[in-house]
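Quick note: residue numbers are just sequence positions, from 1.
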Amino acid sequence: MHAALDISGLHAWYGESHILHDVRLQVQTGEVVTLLGRNGAGRTTTLRAILGLTGTRKGSIKVNGVEAIGLPTHRIAHLGVGYCPEERGIFASLSTEENLLLPPQLAGGRQGMALTDIYAMFPNLLERRHSQGTRLSGGEQQMLAVARILRTGARLLLLDEISEGLAPVIVQGLARMIETLKASGYTIVMVEQNFRFAAPLADRFYVMEHGQIVETFVASELSAKMPVLTELLGV
């Protein structure tokens with residue numbers, strides 16, 4: 001059985017800037033893994049590198065056993081990878097439902113989540129299905145951004161700072177969503193600054209500093225690791 005995601009010896013650049021240095025991480029199918037680190041540690045670049053959205057990449061990135069380091073972004077997406085970037089990328093002129101009907105099904109992937117299931121998970125989106133993207137609150141836009149990748153049939157979800165700047169009640173809703181997806185067998189890699197949000201959800205943690213993984217541990221070790229995390233992250 002292949003890991004859902006297996007990264008080894010990954011180096012990545014933006015132009016001349018060497019951002020990632022020998023990153024190694026592995027995520028098993030059905031796991032929720034959180035990348036922790038200060039701003040600028042390389043966490044978002046790691047997610048972008050998985051999809052080939054950085055400059056030069058070297059090393060190995062296997063998605064369900066398939067080597068993706070040399071593939072263009074659209075081919076990597078077709079391996080069942082969904083990316084929810086920090087900027088969300090909602091189409092402002094389209095309604096909520098039109099945004100949800102836009103994504104294509106990934107070839108060879110599983111059927112995308114049905115609209116009825118999306119609306120059951122995100123009742124806010126059902127209420128706002130005819131509203132333009134620009135009229136949605138920040139929390140509703142974030143829900144829509146995640147829901148849109150679920151429509152494609154992607155099973156490996158890369159979520160970048162989905163809780164940032166949102167009201168606590170919305171953040172709780174996103175936590176329930178992640179628990180629901182995990183129970184349904186989705187694999188999730190989260191970049192999160194909000195430690196309180198990420199900590200109860202993750203099976204394992206990787207800590208990044210200066211473009212490298214400097215610490216990795218499982219959820220049961222969290223309390224023992226708090227002194228190290230306080231030092232590395234200031235949590």
Side-chain angles (χ1 to χ4, degrees), residues 1-13 19-37 42-54 56-85 103-113 117 146-160 162 177-192 198 201-208 211-222:
M1 183 85 171
H2 296 295
L5 180 65
D6 191 355
I7 297 176
S8 60
L10 176 63
H11 293 258
W13 289 260
I19 309 294
L20 300 182
H21 304 264
D22 197 27
V23 169
R24 296 166 189 274
L25 63 88
Q26 198 175 69
V27 185
Q28 302 303 323
T29 301
E31 265 194 317
V32 176
V33 166
T34 296
L35 292 184
L36 299 170
R43 298 167 307 147
T44 293
T45 302
T46 300
L47 296 190
R48 290 176 61 81
I50 292 165
L51 277 158
L53 296 171
T54 58
T56 311
R57 299 178 301 162
K58 288 182 182 167
S60 173
I61 300 172
K62 289 182 179 168
V63 178
N64 294 315
V66 178
E67 182 58 71
I69 197 86
L71 297 179
T73 298
H74 69 277
R75 292 277 306 283
I76 299 167
H78 277 277
L79 297 175
V81 184
Y83 175 44
C84 190
Q105 295 289 314
L106 295 177
R110 298 191 186 203
Q111 195 70 16
M113 193 178 281
D117 295 334
V146 177
R148 204 168 48 181
I149 59 174
L150 297 175
R151 289 279 298 145
T152 66
R155 302 289 293 181
L156 170 59
L157 310 180
L158 311 177
L159 308 179
D160 194 358
I162 64 167
M177 170 204 79
I178 288 169
E179 286 164 350
T180 302
L181 293 173
K182 184 184 173 185
S184 303
Y186 285 82
T187 306
I188 298 171
V189 182
M190 294 196 298
V191 164
E192 251 324 313
L201 297 170
D203 298 300
R204 285 189 304 117
F205 300 84
Y206 286 92
V207 185
M208 292 194 80
Q212 293 175 300
I213 304 287
V214 293
E215 190 79 42
T216 177
F217 56 93
V218 297
S220 59
E221 298 175 289
L222 183 58

Do any N or O atoms from the side chain of T152 and from the backbone of A154 form a donor-acceptor pair under 3.5 angstrom? yes

How would you list, by chain and number, every residue that makes a salt bridge (charged side-chain N to carboxylate O under 4.0 Å, His left out) with E215, sequence neighbours excluded? K225

Would you give the length of the straight line joining atom CG of L35 to atom OG1 of T44, rounded to the nearest 0.5 angstrom? 9.0 Å

Hey, is the main chain of E192 close enough, under 3.5 Å, to the side chain of R43 for a donor-acceptor pair? yes

Exceeds 12 heavy-atom contacts within 6.0 angstrom, atom NE2 of H2: no

Side-chain donor/acceptor of E67 to backbone N/O of I61, under 3.5 Å: yes

Decide yes or no for M208 and V23: does some side-chain heavy atom of the first lie under 4.5 Å from some side-chain heavy atom of the second? yes

One should read off an interatomic distance between I76 CD1 and Y83 OH, to the nearest 0.5 angstrom, of 12.5 Å

Short side-chain to backbone donor-acceptor contact, T54 and A49, under 3.5 Å: no

Quick one, M177 and L150 - any side-chain contact, counting heavy atoms below 4.5 Å? no

I149 and L158, any side-chain heavy atoms less than 4.5 Å apart: no

Worked verdict on T73 versus L53 for side-chain contact (heavy atoms from CB on, under 4.5 Å): CA-CA 7 Å; T73 298; L53 296 171; 3.7 Å; yes

Salt bridge (charged side-chain N to carboxylate O under 4.0 Å, His left out) partners of R204, counting only residues at least two apart: E31

Measuring only between side-chain heavy atoms, which start at C-beta, is V66 closer than 4.5 Å to R75? no

I'd like a table of donor-acceptor pairs (distance under 3.5 Å, sequence neighbours excluded) in which one partner is a side-chain atom from residues 3-13, with atom names and distances.
unit_1 : atom_1 : unit_2 : atom_2 : d
D6     : OD2    : Q26    : NE2    : 3.2
H11    : ND1    : H18    : NE2    : 3.0
H11    : NE2    : D22    : N      : 3.4

Do the side chain of R57 and the main chain of I69 share a donor and acceptor less than 3.5 angstrom apart? yes

Knowing that exactly one of L156, V63, L51 qualifies, which makes a side-chain contact (heavy atoms from CB on, under 4.5 Å) with L79? V63

NZ-CG distance between K182 and D203, expressed to the nearest 0.5 angstrom: 3.5 Å

Determine whether Y186 and I178 satisfy the following criterion, side-chain contact (heavy atoms from CB on, under 4.5 Å), listing intermediate values before the conclusion. CA-CA 9 Å; Y186 285 82; I178 288 169; over 6 Å; no

Given side chains that start at C-beta, do those of T46 and L25 come closer than 4.5 Å, heavy atoms only? yes

With rounding to the nearest 0.5 angstrom, report the CG to OG1 distance, N64 to T187. 7.5 Å

Look only at the side chain of T216 and the backbone of F205, and say whether a donor-acceptor pair between them is shorter than 3.5 Å. yes

